[in-house]
Amino acid sequence: MLESLKQKVFEANMLLPEYKMVTFTWGNVSGIDRESGLFVIKPSGVDYKTMTADDMVVVDMEGNRVEGHYKPSSDTPTHLELYKAFPQVGGIVHTHSSYATSWAQAGRGIPCYGTTHADYMYGEIPCARCLTKEEIEEAYEKNTGICIAELFRTLKIEPMAMPAVLCKNHGPFTWGKTPYEAVHNAVVLEEVAKMAYRSEIINSKIQPAPQEMQDKHYFRKHGANAYYGQE
């Protein structure tokens, strides 16, 4: 079932240790097949060194395991809520990458200080609120996804223009049209988080990049008249 998607999700998961985005098993990638209403996700706690494409778990949109000999990632309910809230998304990544997680633990969004950030993410990378005691105790992972979706609705953020979020006291989630693109955005997020941290150390009075520069760099890659890259 969904053998091609399983392979893509497996390969995307294997990119996390390759790009030093995970320690031990602290991360997961999923990918969705919108036509069937099923998605594929990494199994919970399985070592990357031994994991295979056959270990990927197929889950339905009610969170039920449809196929797979392992339990799906413990973050599956978060992925599910994001797929429900963001219909354009085809793949999701969660990591505890060091710099992005540091911003999340500090409860701060990442301002756009330069063009590397602006090339991929439009505006400040937001940080979602901490969950309430009740939300944590009742359905922690599901409520994490609901909280992210609520933040994007409240701030009127377009999820494909801002394919990343920080969860306070937790860590980052990223997404994209495909599992690979979601991983790509996770790597970019970590680099942007690192650059922003260093920039604030170098200049404690730093201000975000001028809006016209942010617009130029984002829209030259993603706008209707984008010209970056090849035809």
Side-chain angles (χ1 to χ4, degrees), residues 15-23 26-27 78 82 86 88-89 91-131 144-145 147-177 180-229:
L15 288 174
L16 296 183
E18 181 177 332
Y19 285 107
K20 296 181 171 58
M21 296 299 293
V22 297
T23 302
W26 305 351
T78 308
L82 294 179
F86 304 152
Q88 312 98 311
V89 167
I92 296 170
V93 173
H94 173 53
T95 75
H96 289 254
S97 61
S98 182
Y99 281 88
T101 299
S102 296
W103 285 86
Q105 290 182 168
R108 283 190 60 191
I110 305 176
C112 181
Y113 289 137
T115 61
T116 309
H117 180 141
D119 276 340
Y120 289 89
M121 297 164 188
Y122 192 56
E124 178 173 310
I125 298 164
C127 184
R129 64 176 174 82
C130 187
L131 299 185
T144 297
C147 179
I148 295 169
E150 174 189 79
L151 174 70
F152 274 63
R153 281 195 304 272
T154 301
L155 298 182
K156 296 182 170 59
I157 300 173
E158 166 52 50
M160 301 312 284
M162 177 49 67
V165 69
L166 307 175
C167 294
K168 188 175 181 182
N169 307 124
H170 186 184
F173 284 84
T174 60
W175 47 82
K177 295 177 183 176
Y180 174 81
E181 187 175 285
V183 171
H184 188 94
N185 288 331
V187 175
V188 170
L189 171 62
E190 179 65 3
E191 288 300 309
V192 165
K194 186 188 303 183
M195 291 177 189
Y197 165 73
R198 288 172 172 169
S199 296
E200 291 194 357
I201 290 177
I202 294 167
N203 178 6
S204 63
K205 297 180 180 179
I206 189 173
Q207 295 295 311
Q211 190 61 50
E212 56 270 23
M213 180 174 283
Q214 294 187 40
D215 289 348
K216 181 66 175 181
H217 272 262
Y218 183 80
F219 290 112
R220 74 173 186 164
K221 289 189 75 170
H222 306 281
N225 299 312
Y227 59 86
Y228 179 90

To the nearest 0.5 Å, how far apart are [atom1] in [X] and [atom2] in [Y]?
X      : Y      : atom1 : atom2 : answer
Cys147 : Leu131 : SG    : CG    : 5.5 Å
Thr78  : Ile92  : OG1   : CD1   : 9.0 Å
Arg108 : Glu200 : CZ    : CD    : 4.0 Å
Leu166 : Trp103 : CG    : CH2   : 9.0 Å
His217 : Cys112 : NE2   : SG    : 9.5 Å

Is there a side-chain contact between [X] and [Y] in this structure, where contact means two heavy atoms from C-beta onward sitting under 4.5 Å apart?
X      : Y      : value
Thr144 : Phe173 : yes
Pro163 : Glu181 : no
Ile157 : Tyr122 : no
Val183 : Met21  : no
Val89  : Leu82  : no

[atom1] ([X]) with more than 12 external heavy atoms under 6.0 Å:
X      : atom1 : answer
Lys20  : NZ    : no
Tyr197 : OH    : no
Tyr99  : OH    : yes
Met160 : CE    : yes

Which pair of heavy atoms, one from [X] and one from [Y], lies closest together, and at what distance?
X      : Y      : value
Gln207 : Tyr113 : O-CD2, 3.5 Å
Lys221 : Asp119 : CD-O, 3.5 Å
Met121 : Val188 : CE-CG1, 4.3 Å
Leu189 : Thr174 : CD2-CG2, 3.7 Å
Glu124 : Gly109 : OE2-CA, 3.5 Å
Ser97  : Glu190 : OG-OE1, 2.8 Å

Parallel under 30°, tilted from 30 to 60°, perpendicular over 60°: which one fits the rings of His96 and His94?
->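 Plane angle over 60°, so perpendicular.
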Classify the ring geometry between Phe86 and Phe152 as parallel (under 30°), tilted (30 to 60°) or perpendicular (over 60°).
-> tilted
Glu150/Arg153 salt bridge by N-O under 4.0 Å criterion =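 No, no charged N to carboxylate O under 4.0 Å.
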Trp175 side chain vs Pro159 backbone, donor-acceptor pair below 3.5 Å |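 Looks like yes, one N/O pair under 3.5 Å.
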Is there a side-chain contact (heavy atoms from CB on, under 4.5 Å) between Leu151 and Arg129 once you walk through the steps?
-> CA-CA 8 Å; Leu151 174 70; Arg129 64 176 174 82; over 6 Å; no
